[in-house]
Amino acid sequence: MMGHSHALSGAAVWLAAAPALTTLPEAIGHPELAAVTAPILTGPELVAGAVVCAGAAMLPDLDHPSATIAQTFGPVTWLLSKGVNFVSGGHRHATHSLLFSVLAGAGAHLLGANHPVGRDILVVLMVGLAIRAVGIGVPGKTLTSAIVNVGLTAALFLTFLTLGVTYSWLGLAIGIGCLVHVIGDCLTERGCPVLWPIKKRWLLPWDIGIKTGKKFEKQFLGPALSIVVIALLCLRLMPA
Ligand SMILES: [Zn+2]
């Protein structure tokens, strides 16, 4: 699946699941976790959550040196992705699994709860990734696009800061974003090893999986997901 499909589906799933997420602590019998989920539905937190989840939905492709994410911050992300590719066993291995999603979510939660500066750096990276993924920039101008990205990322982060966004839900958004990516890739013709380290790939039967970057994804899925994200945003932010 292409970067923008992953990012848009991450935002869509977060916006769709937000009300259910706030009831999760009661549902699983841990009401003390309400501090994590309580702010999710308030306006600025909801938008921040959707953006962070969109960025996190790009993370598993850090194992692919030519994916959007690997090219986001120049040689830094390219080198990082070369390293992840080597350690995780190549494209669509360890990072495309349930285990990776849970570990990424738990790691982000611990970072968010204990290191405010680390948390802010992670949030800035996720915002930058989300903006890059949906293709905001100047066509054919890499440097100008990078400057636009940095400017927009800073503006969005500072807006969230001014509005007092807590990021209590950071780990949840990162974990869900990664999981949405894995499910998205399971809908493609190559599938994913969801239960890694078990190597079996999960994919749709009878070769009906989406072909990455082809007509269906570019001309239908991308626009459809954009409409879903905008519709959900309107629905959630509209005064009752
Ligand atoms: Zn992938």
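For ligands, and for the atoms within them, numbers begin at 1 and follow the listed sequence. Numbering starts at 1 and runs along the sequence shown.
Residue His6: no N/O/S atom is found under 2.8 Å from the Zn ion (ligand 1). Taking backbone and side-chain atoms together, Asp63 has no N/O/S atom less than 2.8 Å away from the Zn ion (ligand 1). Put simply, His64 stays out of reach of the Zn ion (ligand 1), with no N, O or S atom under 2.8 Å from it.
Ring geometry for Trp169 versus Trp14: interplanar angle of 30 to 60°, hence tilted. Taking the six-membered ring where tryptophan is involved, the planes of Tyr167 and Phe160 are perpendicular, since the angle between them exceeds 60° and thus also 30°.
For the pairing with Cys192, the side-chain contact (heavy atoms from CB on, under 4.5 Å) check across Leu187, Val182, Ile183 returns one residue only, Val182.
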Table please: side-chain donor-acceptor pairs of residues 98-107 below 3.5 Å, with sequence neighbours left out.
{"residue": "Ser101", "atom": "OG", "partner": "Ser97", "partner atom": "O", "Å": "3.0"}
{"residue": "Ser101", "atom": "OG", "partner": "Leu179", "partner atom": "N", "Å": "3.4"}

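At the Zn ion (ligand 1), the vertex angle linking NE2 of His181 with NE2 of His96 is 90° (nearest 10 degrees). Annotation: angle subtended at the Zn ion (ligand 1) by Asp61 OD1 and Asp185 OD2 is 170°, to 10°.
Proximity of a side-chain donor or acceptor of Arg236 to a complementary backbone N or O of Leu15 within less than 3.5 Å is detected.
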